[in-house]
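Labels below follow one simple rule: chain letters A, B, ... track the order of the sequence lines, proteins then strands, and each chain is numbered from 1.
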Amino acid sequence: MAAEHVSLLPVLLIFLPLIGALLSFVFRRRAAGLGIATAVAVFVIAIALAFSLTRPQRYPVGGWGAPLGIDLVVDGLSLIMLLMSATVGLGVSLYAGGYFHARPQLARAFWPLWLGLWTALNGLFLAADIFNLYVTLELLGLSAVALAALGGSAAALGGAMRYLLVSLLGSLLYLLGVALLYHAFGSVDIALLGERASAQPVTLAALVLMTVGLILKTALFPFHFWLPPAHASASSPVSALLSALVVKASFYILLRLWLEIFEPLNPGRGVTELLGLLGALAVLWGSLQALRQTRLKLLIAYSTVAQLGYLFLGFPLAAAVGPAAWQAVIYLALSHALAKAALFMAAGNIVLFGGHDRIADLDRVVQRLPLSLAAFAIAGISLMGLPPSGGFIGKWLLLEAAIEAGQWWWVVIILIGGMLAAAYLFKVIGFAFTRAPVSHEANAVPPVMEWTALVLAVGTVLLGLWVSPLLAWLATGNPFGVGP
Amino acid sequence: MNHWYDWVPLMLLGSSLLPGLVIFALPERSVRLRTVLNLSGAVVKLLLVGWILRHIYFDYAVLFETRLTLIPQLDLALRIDPLAMLFVTLSSVLWLLTTIYAIGYLEGAPHRSRFFGFFSLCVTATVGVALAANLFTFLLFYELLTLSTYPLVVHRGSDKARRAGQSYLIYTIVGGVLLLLGTVWLYTLTGSLEFTPRGFVADLEQRHHPALILIFILLIAGLGVKAALVPLHGWLPQAMVAAAPVSALLHAVAVVKAGAFGIVRVVYEVFGVQFAASLGVAVPLAIVAAITIIYGSIRALYQDDLKRRLAFSTVSQVSYIVIGVALAGPVAAIGGIVHLVHQGLMKITLFFCAGNLAETLGIHKISEMSGVGRRMPWTMAAFTIGAFGMIGLPPVAGFISKWYLSLGAIEAGQDWVIGVLVISSLLNAAYFLPVLYTAWFGTPPERWPQARDFGRRETARALLFPTLVTGASALLVGILAATPFSPLAWAKLIIEREFY
């Protein structure tokens with residue numbers, strides 16, 4: 001046993017939010033303080049983990065080890081995902097502190113649910129076997145649905161209901177795949193499955209079931225129908241969480257399974273090309289829908305549909321040029337998380353201030369919220385893929401992969417997607433420059449809500465400058481197989 | 001970053017970036033603090049520029065470079081070289097003057113903090129474009145320029161301004177996408193994007209040449225949007241709706257010049273002019289530039305709106321730079337590069353004058369200018385210098401550019417270009433001389449459209465002073481072209497040290 005050499009940091013990443021969730025449930029009046037303290041602690045630990053991780057680590061919880069016990073694994077890919085959720089999580093917690101201050105009823109439900117969701121999320125990124133992935137995925141889905149329903153409006157409840165059904169169906173399909181794999185190869189450990197699995201019908205069936213279940217939860221076109229109503233009608237901190245983090249979790253599982261179990265079996269070009277095609281359609285469809293929206297939060301939600309599409313371009317491109325494409329995709333996912341959280345927060349401030357999110361009437365609102373508008377614009381730059389931003393770096397890497405592969409159709413999609421993003425985002429940003437009358441009674445927005453949005457937005461700019469350390473972290477343990 | 005010299009390029013950026021960021025945070029009413037910040041930023045930048053110029057001129061070995069590795073092989077790098085300094089000097093000098101002008105022009109207007117904040121960002125992006133040491137960095141600042149000028153174009157907030165802003169965005173974002181595609185593609189072929197004297201792509205195998213031709217087209221099209229090459233010029237006349245200092249900056253320094261400057265970099269330091277010629281892309285570029293020169297002039301003839309006439313004149317004049325570069329000969333290159341400065345000085349003078357007329361008397365159209373020379377003699381004197389320069393009359397700066405361009409055309413064996421220059425000069429005369437005639441010899445109307453009284457002066461001091469300075473400079477750099485510190489001498493130095 002090498003347990004004594006293994007750092008406890010990954011375990012803390014799961015237990016701290018869990019404890020926080022329990023405490024905030026018990027001590028309801030101090031829930032916000034507890035929640036923010038937990039968030040700060042998780043953030044610090046995630047950073048500490050990033051600086052101490054030099055090679056991938058496997059931590060057997062309770063010392064049992066696979067195949068009996070529960071193992072936690074952390075490599076570069078999980079690390080980046082953990083950092084992503086830590087950063088966005090901290091931002092959302094601070095924001096929620098301001099947001100729910102005036103709504104103590106909701107706050108009581110929000111904090112335990114959100115910290116529970118965070119527990120599941122971190123557990124998911126650290127899980128070493130497909131069954132634990134299922135458990136965390138299910139927990140994540142349930143807490144996400146509960147959070148989505150938190151607003152209590154008819155729209156929120158309807159959206160959450162649909163979300164619940166999709167989420168359950170997705171997990172169920174995934175679970176069927178788990179059962180098939182376990183039955184066929186006698187293990188749920190991802191590494192063991194990677195060694196044992198062979199190309200046979202049952203593997204293929206598992207691949208199809210799990211992939212369909214997971215892209216349903218990731219809202220890949222044409223399974224995106226549930227996302228815009230659920231994300232747009234939730235309360236703003238929740239929208240930020242759902243769009244920035246929750247959809248990335250199911251994508252992460254898909255990527256893990258693909259990299260470690262299915263890809264080595266060579267399931268054929270059909271699968272990767274199909275996923276890429278759906279991704280491309282998502283980019284186009286999501287962007288066009290975003291352009292058509294008259295409500296700000298729906299616009300941002302459709303933008304999520306589009307941005308998730310890019311992630312799936314990684315499948316065909318990685319098949320052609322190898323790990324470089326995954327690097328690009330993860331960078332895009334990371335930048336999108338920060339940018340989208342900032343966008344939803346800014347939108348939340350606008351809704352709070354003006355009392356509505358009708359885009360056509362936004363001008364006099366945005367002109368009185370310069371910080372939120374700045375956050376919106378800066379985060380928007382990253383989504384458009386303009387420099388200097390993380391989105392630009394991600395697109396650059398992805399374009400590079402597509403050109404190197406000689407697959408020009410993806411190049412065209414990536415470029416058109418960027419232009420459409422500019423079109424729908426400037427639809428909003430342009431309102432900063434009208435001659436609007438200032439005649440509006442407005443609700444005050446707590447400064448912390450404006451500043452967290454802005455800080456996260458500036459974070460996307462930093463992602464555009466601080467690239468090589470992040471890519472080095474991502475490469476820890478070589479999660480994408482062969483390569484540098 | 002070992003030596004403090006490495007920080008010099010960052011200081012050049014910071015001298016406009018930091019005041020800009022602080023200004024954003026200032027409340028609207030702190031006029032004095034904002035003015036102090038603006039002017040001290042501009043003065044600090046000028047002092048830095050002077051110091052660097054001295055260093056480069058006397059000590060060729062000094063290298064000022066700031067470098068941050070983003071991805072292995074892909075650096076964010078700023079480097080000071082003679083060509084960069086030509087552009088940096090131009091933009092720093094004109095920034096100071098335009099800031100003074102804008103302070104006078106916008107007195108009492110709303111949203112001034114926003115305006116000056118983006119104004120400073122815009123200059124920062126321009127300086128970044130100038131200092132970029134590789135195509136990647138160039139692209140970054142080029143896009144930043146798009147983003148920071150958009151708020152200036154739509155600043156007035158009228159429907160017309162917003163439409164202009166929309167059209168500006170559509171053109172420049174599509175241009176940016178083309179440039180991005182060309183840049184990434186080039187990178188996948190060469191694995192490097194560092195600007196190198198005489199280019200870095202000539203070593204690629206023969207089979208990549210078709211790809212290189214396409215990349216050249218993509219890059220030039222992306223840059224051509226900002227440089228307003230026909231048929232990519234549509235945004236420019238529309239953007240005239242912006243305030244006069246913005247138009248002045250857009251036309252003389254920031255946007256169109258960034259495009260033209262990028263074309264210089266791509267032709268000389270990415271492809272290398274000899275290699276570009278051997279690929280067969282230089283002559284078509286010269287033809288596009290020639291078409292732009294003629295087309296812009298013809299369209300200018302038909303405009304009654306003064307600023308629109310000047311806008312089409314810009315379309316035409318900026319392509320002098322492009323044609324000088326595309327002719328693939330050192331003498332023509334001197335003409336093109338020196339025109340970067342000369343056109344800037346002349347055009348900014350003309351726009352300042354147009355702004356003075358609009359602010360003082362409410363004159364926007366040429367047909368309203370009858371006899372204005374008697375009411376505003378100083379302004380119109382400056383306008384006359386600028387117009388003579390555009391036509392190419394000696395001794396104004398524009399003559400020097402045209403002289404070198406013509407010599408260069410002969411040297412390159414492209415005699416037809418002289419024909420283009422002659423036609424263009426005639427057209428320039430045809431659209432500027434009537435304006436001058438009306439202004440000086442027409443009879444003034446009973447009352448001006450919207451006259452404001454400035455006592456004994458013809459207009460506000462902050463408006464007149466920059467106009468006179470740029471007007472005088474346009475004259476002086478022409479008269480003193482043969483002295484060692486003239487833009488012409490600097491252009492020759494660039495050509496000797498870098499390109500041939």
**Q** Which bit of A:Leu397 is near chain B, if near means a heavy-atom gap under 4.5 Å: side chain, backbone, both or neither?
**A** side chain
**Q** Taking side chain as everything from C-beta outward and backbone as N, CA, C, O, which of these in A:Ile414 sits under 4.5 Å from a heavy atom of chain B? Side chain, backbone, both or neither.
**A** neither
**Q** Need one label for B:Leu178: side chain, backbone, both or neither, based on atoms under 4.5 Å from any heavy atom in chain A.
**A** neither
**Q** Heavy atoms only: give me the nearest A:Leu465-B:Leu70 pair and the separation to one decimal.
**A** O-CD2, 3.0 Å
**Q** By a 4.5 Å heavy-atom criterion (distance strictly below it), what part of A:Ile381 contacts chain B: side chain, backbone, both, or neither?
**A** side chain
**Q** With a 4.5 angstrom heavy-atom cut-off, which part of B:Leu140 approaches chain A: side chain, backbone, both or neither?
**A** both
**Q** Would B:Leu139 and A:Phe392 count as a side chain to side chain contact (heavy atoms under 4.5 Å, CB included) here? Give the steps.
**A** CA-CA 11 Å; B:Leu139 175 71; A:Phe392 172 71; 3.8 Å; yes
**Q** What part of A:Leu471 gets within 4.5 angstrom of chain B, counting heavy atoms only: side chain, backbone, both, or neither?
**A** side chain
**Q** Of the backbone (N, CA, C, O) and the side chain (C-beta and beyond), which part of B:Ile170 lies under 4.5 Å from a heavy atom of chain A, both, or neither?
**A** neither
**Q** Under a 4.5 Å heavy-atom cut-off, does chain B meet the side chain of A:Ala377, its backbone, both or neither?
**A** neither
**Q** Between chain A and chain B, are any donor-acceptor pairs under 3.5 Å, and how far apart is each one to 0.1 Å?
**A**
| residue | atom | partner | partner atom | Å |
| --- | --- | --- | --- | --- |
| A:Ala432 | O | B:Arg114 | NH1 | 3.2 |
| A:Arg435 | NE | B:Arg156 | O | 2.8 |
| A:Arg435 | NH2 | B:Arg156 | O | 3.4 |
| A:Ser468 | N | B:Leu70 | O | 2.9 |
| A:Ser468 | OG | B:Thr69 | O | 3.4 |

**Q** Look up atom CD1 in A:Ile403 and atom CG in B:Leu186, then write down how far apart they are to the nearest 0.5 Å.
**A** 10.0 Å
**Q** Could you go step by step and tell me if B:Leu144 and A:Leu386 meet the side chain to side chain contact (heavy atoms under 4.5 Å, CB included) rule?
**A** CA-CA 8 Å; B:Leu144 213 56; A:Leu386 293 182; over 6 Å; no
**Q** Sort B:Pro110 into side chain, backbone, both or neither according to what part of it lies under 4.5 angstrom from a heavy atom of chain A.
**A** neither
**Q** In terms of heavy-atom pairs under 4.5 Å with chain B, which of A:Gly430, A:Ala422, A:Ala423 leads?
**A** A:Gly430
